[in-house]
Amino acid sequence: LAVPRPLGVKLLTSQLAVWIDEAYTAKVSERGRWRAIDPANLAAELRQRDPRPARFAFDATANEIEAVILETVRATPGLVAAAVSVVTVTDTLADFSLAMSWQITLAAADEFVFTTPGWLEGRLQFKDTRLREFRSEPIEGTEKVRWTITLNEPVRDQFFILAQATLPPPVAVGQAAAILEAPELVFEQVDRTDEDEERHVIKSLSTQERYVILINRSSRALVLDPNDDLKRVEKDELADVKVRIDNQLFDQATVMLHVPTGTSQPRWTVAMATTEQGATAEVQLADLVSVLAADGSWRTRAVYTVRNRSQQ
């Protein structure tokens, strides 16, 4: 950090304040004649430059002052992730809403990475003013796509985002029945501590939770394929997951499932709904009250008690 120096002065007193992006760590390797001071002792004009406390503060009284050299390294935050995939099916569409949340420790984070099936590429939409960009790239040799979310500013403690994709409803192919599959999400993290981009390592998060909520609003039955590893959960169990879900979705859910790490995603076979002849509806009680007015007009109120379990 080279500091400008006025010419033709006999005595020069200087102060230097340095703010570092929260996604980075830094240390001073050389400071020459600069003396490290408490950031609280900086001049008010300098402190007002940024609402955050300065990471480093220096002062000097020499006319000849050298540059301060800092070594910066991108910090690696600790991340714990959870996702709730809400799959809503109607007769005209299949909607996939991915509610994702990251718990952040150790350092601030401005980059979040996860993978999905390739059929979501170009279809997943994000709406969040904090986003600087989101990009996707196919993973070579697989049918998956990797998504990278970059924020305008690093965040601490927690980050939540909702992504959505709307597709046509599943259809049968040839003699095979139509299949509906929940998208598989895998949370990852990029280790960028090495300045050489080719040495960056991408690895799956060691702690991540995934849940699937199915809402069937179609006229067809959805039969869950056998999978002993899937666990049905109730609304109260999902309350502990750090993901914000509208309570109305819980009430509309056909089924809610926990998908342990390493378990294949739930799949449903789409079958046409069938109807069976139920018991005939019967009127068990009829209460009719008629009122005749002096002018000859009349009105009747009828109250029927019925048994109609087959909803005729």
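By convention here, the first residue in the shown sequence is residue 1.
The CZ atom of Arg33 sits 9.0 Å away from atom CG of Asn63, with the distance rounded to the nearest 0.5 Å. Interatomic distance, CG of Leu46 versus CD of Gln15, reported as 6.0 Å (0.5 Å rounding). Expressed to the nearest 0.5 Å, how far CG of Leu222 lies from CZ of Arg267 amounts to 13.0 Å. The structure places NZ of Lys27 at 13.0 Å from CD1 of Ile69, a figure rounded to the nearest 0.5 Å. The structure places CG of Leu98 at 7.5 Å from CG of Leu162, a figure rounded to the nearest 0.5 Å. Separating the CD1 atom in Ile149 from the CZ atom in Phe134 is a distance of 8.5 Å, to the nearest 0.5 Å.
The shortest distance between side-chain heavy atoms of Tyr304 and Leu285 does not fall below 4.5 Å. Using a 4.5 Å heavy-atom threshold, the side chains of Leu70 and Leu1 count as touching. Between Phe112 and Ile104 the shortest side-chain heavy-atom distance falls below 4.5 Å. In this structure, Arg156 and Pro77 have side chains that are not in contact, with every pair of non-hydrogen atoms separated by 4.5 Å or more. Within the 4.5 Å cutoff, the side chain of Leu167 has heavy atoms near those of the Arg123 side chain. Trp102 is not listed as a side-chain neighbour of Val80, based on a closest heavy-atom distance of 4.5 Å or more. Side-chain contact between Val270 and Ile179: absent, with no pair of heavy atoms (C-beta onward) separated by less than 4.5 Å. Two residues are said to be in side-chain contact when any heavy atoms from C-beta on lie closer than 4.5 Å; Leu79 and Gln189 meet this criterion.
By the 6.0 Å contact criterion, CG on Asp228 is open, its count of non-hydrogen atoms from other residues, nucleotides or ligands being 12 or less. Surrounding CD of Gln284 are more than 12 heavy atoms belonging to other residues, nucleotides or ligands, all under 6.0 Å away. Residue Glu234 qualifies as open at atom CD: its count of foreign heavy atoms under 6.0 Å is 12 or below.
A donor-acceptor contact shorter than 3.5 Å links the side chain of Thr254 to the backbone of Asn216. Under a 3.5 Å cut-off, the side chain of Asn152 and the backbone N or O of Thr129 do form a donor-acceptor pair. A donor-acceptor contact shorter than 3.5 Å is absent between the side chain of Glu30 and the backbone of Glu66. Formation of a donor-acceptor pair under 3.5 Å by the Arg210 side chain with backbone atoms of Leu185 is found in this model. A donor-acceptor contact shorter than 3.5 Å is absent between the side chain of Ser136 and the backbone of Glu121. Distance alone, capped at 3.5 Å, places no donor-acceptor pair between the Arg31 side chain and the Val68 backbone. Side-chain N or O atoms of Gln208 include one that pairs as donor or acceptor with a backbone N or O of Phe187 at under 3.5 Å.
When the options Ile213, Ile215, Leu180 are evaluated for a side-chain contact (heavy atoms from CB on, under 4.5 Å) with Val87, the one that passes is Leu180.
Under the 4.5 Å side-chain heavy-atom criterion for Ile, Leu, Val, Met, Phe, Trp and Tyr, Val3 and Ile20 are members of the same hydrophobic cluster. If you chain together hydrophobic residues whose side chains sit under 4.5 Å apart, Leu131 and Met100 fall into the same group. Grouping the Ile, Leu, Val, Met, Phe, Trp and Tyr side chains by contacts below 4.5 angstrom, directly or via other members, places Leu230 apart from Val186.
Between Pro169 and Thr90, the closest heavy-atom pair is CB-O, 4.1 Å. The minimum heavy-atom distance between Phe58 and Leu42, with the atom names listed, is O-CD2, 4.5 Å. The shortest heavy-atom contact between Phe160 and Arg130 is O-NH2, 2.8 Å. Nearest heavy-atom pair across Pro170 and Ala94 is CD-CB, 4.4 Å. Across every non-hydrogen atom of Val145 and Pro138, the tightest pair is CG2-N, 4.1 Å. Across Leu257 and Val233, no two heavy atoms sit closer than the pair N-CG2, 4.1 Å.
A donor-acceptor contact under 3.5 angstrom links the side chains of Gln164 and Asp95, judged on distance only. In the model, Trp147 has no side-chain atom that pairs as donor or acceptor with a side-chain atom of Thr115 under 3.5 Å. Using a 3.5 Å distance cut-off with no hydrogens or angles, the side chains of Thr13 and Asp59 do not pair a donor with an acceptor. Between the side chains of Gln158 and Ser101, at least one donor-acceptor pair of N or O atoms lies under 3.5 Å. Between the side chains of Ser264 and Asn227, at least one donor N or O lies within less than 3.5 Å of an accepting N or O.
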Val28 and Phe56: side chain to side chain contact (heavy atoms under 4.5 Å, CB included), yes or no, with the steps?
CA-CA 9 Å; Val28 180; Phe56 300 102; 3.8 Å; yes
Apply side chain to side chain contact (heavy atoms under 4.5 Å, CB included) to Val155 and Glu153, showing your working.
CA-CA 6 Å; Val155 294; Glu153 298 290 341; 6.0 Å; no
Checking side chain to side chain contact (heavy atoms under 4.5 Å, CB included) for the pair Lys231/Val259: CA distance, chi angles, key distance, verdict?
CA-CA 7 Å; Lys231 177 187 175 183; Val259 185; over 6 Å; no
Yes or no on ring-ring contact (aromatic ring centres under 6.0 Å, His included) for Trp119 and Phe96, after CA distance, side-chain angles and deciding distance?
CA-CA 12 Å; Trp119 46 265; Phe96 301 89; 5.3 Å; yes
Checking side chain to side chain contact (heavy atoms under 4.5 Å, CB included) for the pair Val84/Val86: CA distance, chi angles, key distance, verdict?
CA-CA 6 Å; Val84 177; Val86 182; 4.2 Å; yes
Run the numbers on Ser290 and Trp298 for side-chain hydrogen bond (donor to acceptor under 3.5 Å, both in side chains), then give the verdict.
CA-CA 7 Å; Ser290 298; Trp298 60 276; over 6 Å; no
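The pair Arg135-Glu137 does not meet the salt-bridge criterion, since no charged nitrogen lies less than 4.0 angstrom from a carboxylate oxygen. One finds no salt bridge joining Glu188 and Lys203 here, because no Lys/Arg side-chain nitrogen approaches an Asp/Glu carboxylate oxygen to under 4.0 Å.
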